[in-house]
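The shown structure was predicted, so the numbers you read here are calculated from the model rather than taken from an experiment. Values reported hereafter were calculated over all heavy atoms of this structure, with side chains retained and with hydrogens, waters and symmetry mates removed. Just so you know, ligand 1 is whichever comes first in the structure, and atom 1 is the first atom listed for that ligand.
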Amino acid sequence: MRILSGIQPTGDKHLGNYSGGFRQYAATQERGEAFFCVVDLHSITAAYEPEALRRSTLNLAAMLFATGLDPARSTVFVQSHVKAHAEAAWLLSAVASFGQLGRMTQFKDKGDGKDFVPAGLFTYPVLMAGDILLYQADIVPIGDDQRQHLELARDIAQSFNSRFGETFKVPEGVYPTVGARIMDLQEPTRKMSTTSGTTQGTVRLVDEPDAVRKKFKTAVTDSGREIRRGDDKPGITNLIDILSIATGATPEQIEARYADGAGYGQFKADVGEAVVALLTPIRERYLELRADEGELKRLLRAGAEQAAATVEPTIRAVYDRMGFVAP
Ligand code: AMP
Ligand code: TRP
C-alpha cells in the first residue's frame with residue numbers, strides 16, 4: 001500500500017496541523033510504503049519572503065521527524081528537490097479545466113478581494129494532484145479542508161486515464177474522525193490557523209509549556225456549564241476534541257468523566273496540561289533536530305533520491321502517453 005501526503009512550509013505549525021496532519025502521518029506510516037513531502041512549491045502561491053520560506057522548509061522537515069516519522073520507514077523529502085512535481089503540474093494542466101479550478105473554495109476564499117491574485121493560487125490544485133498521482137498513492141491522509149482538492153485529484157486521474165490510457169491510480173482520502181477541524185481557542189467558530197486565526201487562540205507546536213497553559217486558561221467557553229459537545233457549544237466541543245487527541249480518550253469518555261459537574265475552569269486547566277504533556281517531547285526532539293542542520297539536510301537528500309527513483313517510471317509514462325518525443 002502506497003501512502004502520500006504533503007504539508008506546506010508556511011507559518012509555524014499548530015495543534016490543528018498536528019491533529020489533521022502530523023498525527024495521521026505517523027499513524028499511517030505503519031500501514032505501508034509512505035511518502036511525506038514538504039510542499040515548498042505550493043508556498044509561493046501566497047505572499048512570502050524567500051528567507052522565511054527557506055527557514056520554514058527546514059523547520060517543517062524537523063517537525064515531521066519530531067512528531068514521529070521514522071526516516072527508516074518513511075520517505076520524507078522536499079517537493080522542489082524532486083523535479084517531476086513541477087513537470088507533472090504543467091502536464092496535468094492539460095486535463096484540468098478552468099471551470100473545475102474556479103469552483104475550488106480555497107481559491108475563492110484566498111483570492112476574493114485581493115489586489116494581486118497569483119496565477120499559482122488558481123493552478124495550485126493541479127500541482128497537488130501531481131504530488132499525489134506521481135506516487136500511485138492508494139491513500140492520502142489529509143485534513144478535512146483539503147477534501148475538495150483531493151476529489152479534484154481523483155477527477156484528474158480519471159480524465160487522464162480515459163484520455164491517454166490507464167496511467168494513474170485513483171487515490172482515496174483518509175480523514176481523521178476526531179479533530180479534523182480544530183478551532184481557534186478565542187474564536188471557536190473559525191479554524192485554528194497561524195495565518196488567519198488569533199495569536200492567543202492558536203497553540204503553536206513550539207510554544208513554551210507556560211504559554212500553552214495560558215492559552216487554554218483564557219480559552220473562550222460557552223454559556224451554560226455542562227461539559228458536552230453540541231452545535232450550541234463550539235468552544236467546549238473544540239476543547240473536548242483537543243483533549244481527545246492529546247489523551248486518546250474518546251469524546252464520549254471525556255463527557256462521562258466530566259458529567260459530575262466539574263467547572264469550565266478545571267476542565268480548561270486539564271486540557272492545557274494534557275496538551276503540554278503531548279507537546280513537550282515533540283518540542284524537545286524538534287529543537288534537537290533543528291540544532292543539527294547538516295544532519296537534517298542529509299536526511300532530506302536521501303528522501304529526495306528515494307522519491308525521484310519512485311516517480312521516474314510514472315513521469316516517463318506520462319510524457320510517452322501524451323505524445324512527447326523521448327529525448
Ligand atoms: P497547512 O499548514 O494549511 O498546509 O495544513 C497542514 C495540514 O493540517 C493539512 O492536512 C490541513 O488540512 C491540516 N489542518 C490545518 N489547519 C487545521 C485545523 N485547524 N484543524 C485540523 N486540521 C488542520
Ligand atoms: N494543499 C495541501 C494543504 O494545504 C498540501 C498538499 C500539497 C498536499 N500537496 C499535497 C496534501 C499532496 C496531500 C497530498 O494542506
Side-chain angles (χ1 to χ4, degrees), residues 2-25 28 34-46 48 56-57 59-60 63-64 67 77-80 82 85-86 88-89 92 104-107 109-110 120-121 123-154 156-157 171-198 201-205 234 237-238 241-242 244-245 307 311:
R2 259 304 156 69
I3 299 149
L4 178 128
S5 197
I7 180 163
Q8 281 202 57
T10 34
D12 283 328
K13 295 301 167 183
H14 54 77
L15 204 53
N17 298 127
Y18 176 78
S19 175
F22 300 113
R23 182 176 62 115
Q24 292 207 87
Y25 307 156
T28 43
F35 294 83
F36 298 99
C37 174
V38 177
V39 292
D40 53 351
L41 296 172
H42 279 96
S43 295
I44 63 169
T45 60
Y48 81 101
S56 302
T57 299
N59 288 350
L60 177 55
M63 192 52 87
L64 285 167
T67 50
F77 65 100
V78 176
Q79 185 188 33
S80 65
V82 181
H85 290 253
L92 294 176
M104 295 294 115
T105 54
Q106 180 175 294
F107 170 68
D109 291 347
K110 293 192 176 174
L121 188 63
T123 53
Y124 173 116
V126 185
L127 178 61
M128 175 165 163
D131 298 340
I132 298 166
L133 303 180
L134 278 175
Y135 292 81
Q136 306 288 353
D138 297 284
I139 60 171
V140 181
I142 203 167
D144 208 41
D145 61 336
Q146 295 296 313
R147 214 176 262 270
Q148 201 186 19
H149 288 161
L150 200 267
E151 287 305 317
L152 181 65
R154 290 165 53 87
I156 289 175
E172 300 289 334
V174 173
Y175 305 92
T177 47
V178 174
R181 216 174 147 75
I182 296 298
M183 310 309 276
D184 189 289
L185 300 184
Q186 290 296 317
E187 290 182 27
T189 49
R190 66 184 200 193
K191 73 171 190 172
M192 188 177 284
S193 161
T194 29
T195 44
S196 64
T198 69
T202 302
V203 180
R204 299 177 319 143
L205 298 178
T237 302
N238 190 39
D241 281 348
I242 292 172
S244 169
I245 287 148
V311 300

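Ligand 1 lies out of reach of Ser19, whose nearest heavy atom is not under 4.0 Å from it. Residue contacts with ligand 1: His14 is included, with a non-hydrogen atom under 4.0 Å away.
Polar contact with ligand 1: present for Asp145 (N/O pair, distance under 3.5 Å). For ligand 1, the polar-atom distance check against Gly143 finds a nitrogen or oxygen pair separated by under 3.5 Å. For ligand 1, one of its N or O atoms has an N or O atom of Met192 under 3.5 Å away. Taking only nitrogen or oxygen atoms, main chain and side chain alike, Lys13 reaches within less than 3.5 Å of ligand 1. An N or O contact shorter than 3.5 Å links Gly16 to ligand 1 by distance. Residue Thr10 has no nitrogen or oxygen atom sitting less than 3.5 Å from a nitrogen or oxygen atom of ligand 1, judged on distance alone. Any N or O atom pair closer than 3.5 Å counts here, and Gly179 shares no such pair with ligand 1.
With sequence neighbours excluded, the residues that form a side chain to side chain contact (heavy atoms under 4.5 Å, CB included) with Ser19 are Arg23, Ile182, Ile245. In this structure, the ring pair (Phe, Tyr, Trp, His ring centres under 6.0 Å) partners of His85, at least two apart in sequence or on a different chain, are Phe77, Tyr135. A search for side chain to side chain contact (heavy atoms under 4.5 Å, CB included) contacts involving Ala180 returns Asp144, Pro176, not counting sequence neighbours.
No part of Ser193 comes within 4.0 Å of ligand 1, judged by heavy-atom distances. By the criterion of a heavy-atom distance under 4.0 Å, the backbone of Arg181, and not its side chain, is placed next to ligand 1.
A distance limit of 4.0 angstrom between heavy atoms and ligand 2 selects the residues Leu4, Ser5, Gly6, Gln8, Val39, His42, Tyr124, Met128, Asp131, Ile132, Val140, Ile142, Gln146.
Those atoms of ligand 1 with a heavy atom of Ile7 less than 4.0 angstrom away are 6 (C).
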